[in-house]
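Here's the structure we're looking at; comments come further down.
First listed ligand is number 1; within each ligand, the first listed atom is number 1.
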Amino acid sequence: MPLASSRYGKANVRLLKVRKDPQNPEKQDVIELRVKCLLEGEIETSYTKADNSVIVPTDTVKQTTYILAKQGEVWPIELFAARLANHFITTYKHIHGAFVDIQQYRWTRYNVEGKPHPHSFVQDGTEQRTVSLHANEQTGVFDLTSGLKGLTILKSTGSMFYDFNVDDYTILQPTKDRILSTDVDTTWTWSHKEVSSLAKVEQFAKAGVFDKAFDATRNQTLEIFALENSASVQATMYNISNKVLELVPAVEKVSFALPNKHYFNIDLSWHHGLKNTGKDAEVYAPQTDPNGHIESVVSRSHSKL
Ligand code: AZA
């Protein structure tokens, strides 16, 4: 039987890099990553003929990840992904594609005695910055998508859901005041015209474009979520996506995948008429499952999902 497709490499390569200020080595930054790097190319015979000569071992992929992290720039992760992918497609004649996915954990410097401490950090929950890059040697194209996930947010008012389709399957009541909560999972894809090679990624990284896009997306998500009286998860995620596209011209499309994490009203009227619904609602029951799940892709070029 023919081998329809093949790709391999190392996943869950974890590393932490410390960056020391040359003037003051006590002043440091840290970056902690989880890297997946998969290779494609003329590797079919390793599957079909047990020919290991074409295999760059997955251990070599891991060691290369550490070596490139030591020898060059890791901030921002878009640049590290591009360096790593570029290494494999340029070092090995028979490797024509590299797929690099990186998750960055959020270590934030904290204040001690009112001042940012030079080398102490707190991990901010489950939030991660992400990048996904495919370097294709044959087409010369870098597909680059950045992202943010695991940012859990909640607003206790300022969210509505009414005027939805109602039929004899509907029990949900309309509301003009509900709790809205989600785990933000968003990605933004860079335009090929703008970011298509290692040199372009280096230029953007130097100019701070990737960091600014991350900050803009995170800030707009938090601000629009807080400030608008949400008509629905759908409408709010669309508004955030449009704002990101407006603020980051080199981004082609913005995707969101958001759970709607329900907090149910609890009717306590059976207990001496205790009021806990409508405007009197104070105690809610968080639901673990099921949850709503809403996705969208907003694109400059009208492409469909
Ligand atoms: N979108 C919402 O914001 N809330 C909902 C939905 C929906 O599609 N369905 N039930 N509740």
Check: Is the shortest heavy-atom distance from the side chain of L222 to the side chain of L151 under 4.5 Å?
Finding: yes

Next item on the list: For the residue pair F99 and R7, establish whether any side-chain heavy-atom pair is separated by less than 4.5 Å.
Entry: yes

Check: N260 to ligand 1: N or O pair under 3.5 Å?
Finding: yes

Note to self: So for ligand 1, is S232 a polar contact partner (N or O within less than 3.5 Å, distance only)?
What the structure shows: no

Notebook entry, point to check: Taking all non-hydrogen atoms of both residues, which atom of A98 and which atom of I89 are closest, and how far apart?
Noted result: N-CG2, 4.0 Å

Next item on the list: Write down the atom of L38, the atom of K10, and the distance for their closest heavy-atom approach.
Entry: CD2-N, 4.3 Å

Check: Between L172 and ligand 1, which part of the residue brings a heavy atom under 4.0 Å of the ligand: side chain, backbone, both or neither?
Finding: side chain

Check: Using the ring of each side chain (for Trp, its six-membered ring), is F88 parallel, tilted or perpendicular to Y92, with breaks at 30° and 60°?
Finding: parallel

What residue and atom, counting heavy atoms only, is the protein's closest point to [atom], and at what distance?
atom                    : answer
atom 4 (N) of ligand 1  : R178 NH1, 3.0 Å
atom 11 (N) of ligand 1 : F161 CE2, 3.4 Å
atom 8 (O) of ligand 1  : Q234 NE2, 2.9 Å

Checklist line | Atoms in ligand 1 with a heavy atom of V233 nearer than 4.0 Å | finding: 2 (C), 3 (O)

Notebook entry, point to check: Does a donor on one side chain sit under 3.5 Å from an acceptor on the other, for T145 and T187?
Noted result: no

